[in-house]
Asker: 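To start, I am sharing the structure in question, which I have written as structure tokens.
No experiment lies behind these values; they were computed from the predicted model shown. Letters A, B, ... mirror the listed sequences (proteins, then strands); counts begin at 1.
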Protein chains: 2
Amino acid sequence: MIPTMHDVARVAGVSIKTVSNVINDFPHVRPSTRMRVLSAIEQLGYRPNLSARGLRSGRTGVIGLAVPELRQNYFAELADSIIRAAEKHDLGVLVEQTSGDRDREIAVVTGAGRLRLTDGLLFSPERLGQDDRHLLRPTFPFVLLGERIFGGPTDHVTMHNVSSAKAAVEHLLGIGRRRIALIGAHPDQREEVRPADLRLRGYKAALEAAAIPVDPQLIRAVAPWHRENGAEAMRDLIAAGIPFDGLFALNDTLALGALRALGEAGWRVPDDVAVIGFDDIDEARFSVPSLSSVDPGRDEIAETAVELLVERINERDDERLPPLLVKSEFRIVARESTGFGRSS
Amino acid sequence: MIPTMHDVARVAGVSIKTVSNVINDFPHVRPSTRMRVLSAIEQLGYRPNLSARGLRSGRTGVIGLAVPELRQNYFAELADSIIRAAEKHDLGVLVEQTSGDRDREIAVVTGAGRLRLTDGLLFSPERLGQDDRHLLRPTFPFVLLGERIFGGPTDHVTMHNVSSAKAAVEHLLGIGRRRIALIGAHPDQREEVRPADLRLRGYKAALEAAAIPVDPQLIRAVAPWHRENGAEAMRDLIAAGIPFDGLFALNDTLALGALRALGEAGWRVPDDVAVIGFDDIDEARFSVPSLSSVDPGRDEIAETAVELLVERINERDDERLPPLLVKSEFRIVARESTGFGRSS
DNA sequence: AAGATCGTTTATAACGTTGTATGTTTAGCG
DNA sequence: CGCTAAACATACAACGTTATAAACGATCTT
């Protein structure tokens with residue numbers, strides 16, 4: 001039988017509340033009794049029942065993380081960072097996959113399903129967008145990740161999409177490229193607040209600042225951002241016969257697909273085309289050639305998000321602060337695909 | 001305030017037990033009362049408190065998954081598959097990372113830490129080995145994954161390491177390669193039950209069956225199995241000037257590193273060297289050239305593991321079955337790196 | 001028409017923990 | 001020494017759910 005506090009109390013010859021006090025590090029416990037309780041715990045191999053604790057205290061010590069799917073590199077690395085960040089706060093992470101299913105995303109934000117066992121939720125949408133902002137109701141601690149929904153009623157951690165994209169293009173300009181293609185624009189050309197739109201805006205801003213006209217032929221729509229689609233967009237562009245000497249792929253996965261297509265077509269990177277991606281996934285360090293990228297500050301995003309969530313969890317109802325928008329610091333990582341060394 | 005069963009009962013004009021009966025789909029509830037209860041639930045937006053349920057029933061509806069780290073592709077894909085499999089049983093998954101830390105692996109198997117809120121544990125060790133078998137004590141539902149510990153007292157789901165590795169080498173032999181190098185052997189050459197040892201055994205068996213002598217110079221030890229190390233091993237082998245026309249990398253990550261080194265050295269794949277890896281991670285489909293590999297049956301592993309765990313969870317103490325060892329079916333996936341088409 | 005039987009519902013007691021209020025000792029001070 | 005205040009320990013009531021056993025009707029037997 002699994003021992004309970006009562007068993008520990010009996011063995012130590014104290015009341016259960018004293019056991020509880022020892023476990024929760026309360027003051028006013030005599031060192032000698034503390035010792036007695038600890039050794040009883042040891043002897044019985046007692047572990048607190050977290051369901052009971054959760055029921056009584058209203059806290060489970062677990063937060064939820066909802067992402068599209070872990071097989072996408074970016075989300076695996078994000079989950080990794082978030083689990084590490086949560087650990088520092090002694091929180092477990094229950095991972096839920098929405099699999100690019102709109103209904104599941106809705107279920108997740110409305111608090112249905114498995115995630116009821118959690119104290120709060122980190123949510124990275126893939127289908128919900130700006131128009132679904134009203135679905136986000138801060139009825140429980142909630143932090144939004146990513147760049148699909150802005151101005152919602154909840155905390156939000158994201159990246160400097162526009163300025164980091166601008167910096168990426170400036171990096172290409174800096175090595176003398178002038179005809180810079182972009183792959184990954186959103187198929188519908190409305191100017192919205194989606195990563196694709198924001199990064200496109202950064203691209204245009206950089207060109208404008210350099211007094212280079214934006215050539216619409218160099219901008220290719222791609223969705224979703226899968227490797228195959230990146231390769232295909234690149235083949236199309238090559239087939240179209242439009243000259244270009246630089247490529248900004250709106251994420252690394254697209255860039256890696258593009259590298260493949262360029263290789264197949266016999267183009268040399270970076271000699272013929274310099275390529276930069278976005279996200280700085282681990283794989284970028286190891287492709288042939290290694291891929292320059294924008295590191296959007298994933299660890300910082302993870303830590304900030306967890307910290308905000310913890311704050312919301314600890315917040316009393318009558319002292320609710322207004323929702324916060326936090327953007328992490330980015331960094332351009334120059335590698336072989338833009339003519340820099342193999343390092344880092 | 002969050003509504004409870006009492007609120008639902010009051011609104012529906014029934015007792016809380018009736019509400020419970022409706023929620024748990026118990027028989028003997030009159031359709032009319034069921035309806036009344038359901039609409040009260042709807043109206044109040046009631047959701048059961050899972051901590052309370054967990055306390056009362058002894059089940060949390062969550063299982064734990066402990067892996068080294070999600071940033072390693074293989075584990076991200078494994079976690080993905082496991083979360084999907086768990087979903088079918090209506091179970092959530094709490095993911096814990098052991099980060100290649102032996103003490104953390106021990107903490108996990110001895111049931112310390114965050115994972116107390118779970119009904120059972122799936123564990124994929126990276127540091128614990130055959131000698132730590134005694135640490136696995138089936139005091140709670142537990143299923144072991146991977147190939148580091150055999151013959152322990154718990155259920156175990158793994159792959160056909162030897163025969164699938166043999167099949168991989170036979171694939172290379174089948175396209176006429178005779179000098180087949182292997183990278184990823186374990187640095188200490190004891191014959192143990194680790195993936196490296198088992199796959200090496202398969203390699204030797206294949207050569208033996210083809211009456212080709214094993215050349216120790218062609219077997220390179222690599223640890224850990226990271227891309228950089230795969231590339232380095234390949235550079236060493238090339239520098240050593242030993243001729244070879246085939247390469248079996250003990251996992252895909254090594255293989256991808258090797259592809260890079262081969263490319264740098266100007267070797268053509270598959271013309272000069274045919275390459276096959278192991279694991280069939282998603283990325284293998286998209287490398288240049290695409291990578292042939294062994295699909296060890298990850299989805300099957302995930303589903304089997306979850307099913308075994310569920311059985312153990314439901315098992316009564318007095319009807320414990322002996323531990324089971326299950327191996328999933330494998331499949332050779334032929335791609336460009338061994339001269340096959342681009343497809344799948 | 002009285003008892004037995006079935007389907008349906010309910011009061012009440014757990015589950016193992018923490019918070020509150022209250023009791024008991026020990027130390028501090030005049 | 002006696003009194004007060006602090007330090008320490010305890011009993012008991014929650015938290016929200018499910019399980020047990022018993023009560024209630026209605027229908028069926030005899």
Asker: Ignoring hydrogens and angles, state whether a donor on the side chain of B:Ser99 or A:Arg84 is under 3.5 Å from an acceptor on the partner side chain.
Answerer: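 Checked: B:Ser99/A:Arg84 side chains pair up, N/O donor to acceptor below 3.5 Å.
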Asker: In this structure, how many angstroms lie between the C1' atom of D:dA19 and the CZ atom of B:Phe26, rounded?
Answerer: 8 Å
Asker: Consider the side chain of A:Arg30, meaning its heavy atoms from C-beta on, and name the nucleotide among D:dT17, D:dC8, D:dC15 that approaches it most closely.
Answerer: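 Comparing D:dT17, D:dC8, D:dC15 against the side chain of A:Arg30, the answer is D:dC8.
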Asker: Output the rounded distance in Å from CD1 (A:Ile23) to C1' (D:dA9).
Answerer: 16 Å
Asker: Sub-3.5 Å donor-acceptor pair from the side chain of A:Arg312 to the main-chain atoms of A:Phe142, do we have one?
Answerer: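 Looks like no, no N/O pair under 3.5 Å.
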Asker: Please, which pairs that meet side chain to side chain donor-acceptor pair (under 3.5 Å) have at least one residue in residues 120-142 of chain B, sequence neighbours excluded?
Answerer: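 Of all non-adjacent pairs touching residues 120-142 of chain B, those that pass side chain to side chain donor-acceptor pair (under 3.5 Å) are B:Arg102-B:Asp132.
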Asker: Could you tell me from which nucleotide to which nucleotide of DNA chain C, 5' to 3', there is an atom under 4.0 Å from chain B heavy atoms?
Answerer: C:dG7 to C:dG16
Asker: Check whether any side-chain N or O of B:Glu69 sits under 3.5 Å from a backbone N or O of B:Gly100 as a donor-acceptor pair, and report yes or no.
Answerer: no
Asker: How many angstroms lie between CD1 in A:Ile83 and CG in A:Leu94, if you round to the nearest 0.5 Å?
Answerer: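 Taking CD1 in A:Ile83 and CG in A:Leu94, the distance rounds to 10.0 Å.
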Asker: Among residues at least two apart in sequence or on other chains, which ones pass side-chain contact (heavy atoms from CB on, under 4.5 Å) with B:Arg36?
Answerer: B:Val14, B:Thr33
Asker: What contact category does A:Pro48 fall into here, base, sugar-phosphate, or nothing, at under 4.0 angstrom with non-hydrogen atoms?
Answerer: sugar-phosphate
Asker: Just jot down the ring-ring contact (aromatic ring centres under 6.0 Å, His included) partners of B:Phe26, sequence neighbours excluded, or say none.
Answerer: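 Result, ring-ring contact (aromatic ring centres under 6.0 Å, His included) vs B:Phe26: none returned.
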Asker: So does B:Gly61 get a backbone contact from the side chain of B:Asp119, meaning a donor-acceptor N/O pair under 3.5 Å?
Answerer: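 Yes: the side chain of B:Asp119 pairs with the backbone of B:Gly61.
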Asker: Rounded to the nearest Å, what distance is computed from the CE atom of residue B:Met5 to the C1' atom of nucleotide D:dA19?
Answerer: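 These atoms are roughly 12 Å apart.
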Asker: For B:Arg320 and B:Glu315, indicate whether the former's side chain and the latter's backbone hold a donor-acceptor pair under 3.5 Å.
Answerer: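 No, B:Arg320 side chain to B:Glu315 backbone: no donor-acceptor pair under 3.5 Å.
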Asker: Closest-nucleotide mapping onto DNA chain C: is B:Ser57 or B:His28 further toward the 5' terminus? I mean the 5' end.
Answerer: B:His28
Asker: What is the distance, to the nearest angstrom, from the CG atom on B:Leu55 to the C1' atom on D:dT18?
Answerer: 10 Å
Asker: Are any protein N/O atoms closer than 3.5 Å to N/O atoms in nucleotides 10-14 of chain D? If there are, list each pair with its distance.
Answerer:
unit_1, atom_1, unit_2, atom_2, d
D:dT10, OP2, A:Ser15, N, 2.8
D:dT10, OP2, A:Ser15, OG, 3.2
D:dT10, OP2, A:Thr18, OG1, 2.7
D:dA14, N3, A:Arg56, NH1, 2.8

Asker: Using atom CZ of B:Arg53 as one end and atom C1' of D:dC15 as the other, report the distance to the nearest whole Å.
Answerer: 16 Å
Asker: Verify the neighbour count for atom CG of A:Leu135: are there more than 12 heavy atoms of other residues, nucleotides or ligands below 6.0 Å?
Answerer: yes
Asker: Verify, without hydrogens or angle tests, whether A:His156 (side chain) and A:Gly146 (backbone) share a donor-acceptor contact under 3.5 angstrom.
Answerer: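 A pair under 3.5 Å: yes.
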Asker: Listed in order of residue number, which residues of residues 32-40 of chain A have a non-hydrogen atom at under 4.0 Å from DNA chain C?
Answerer: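 Here the set is empty: none.
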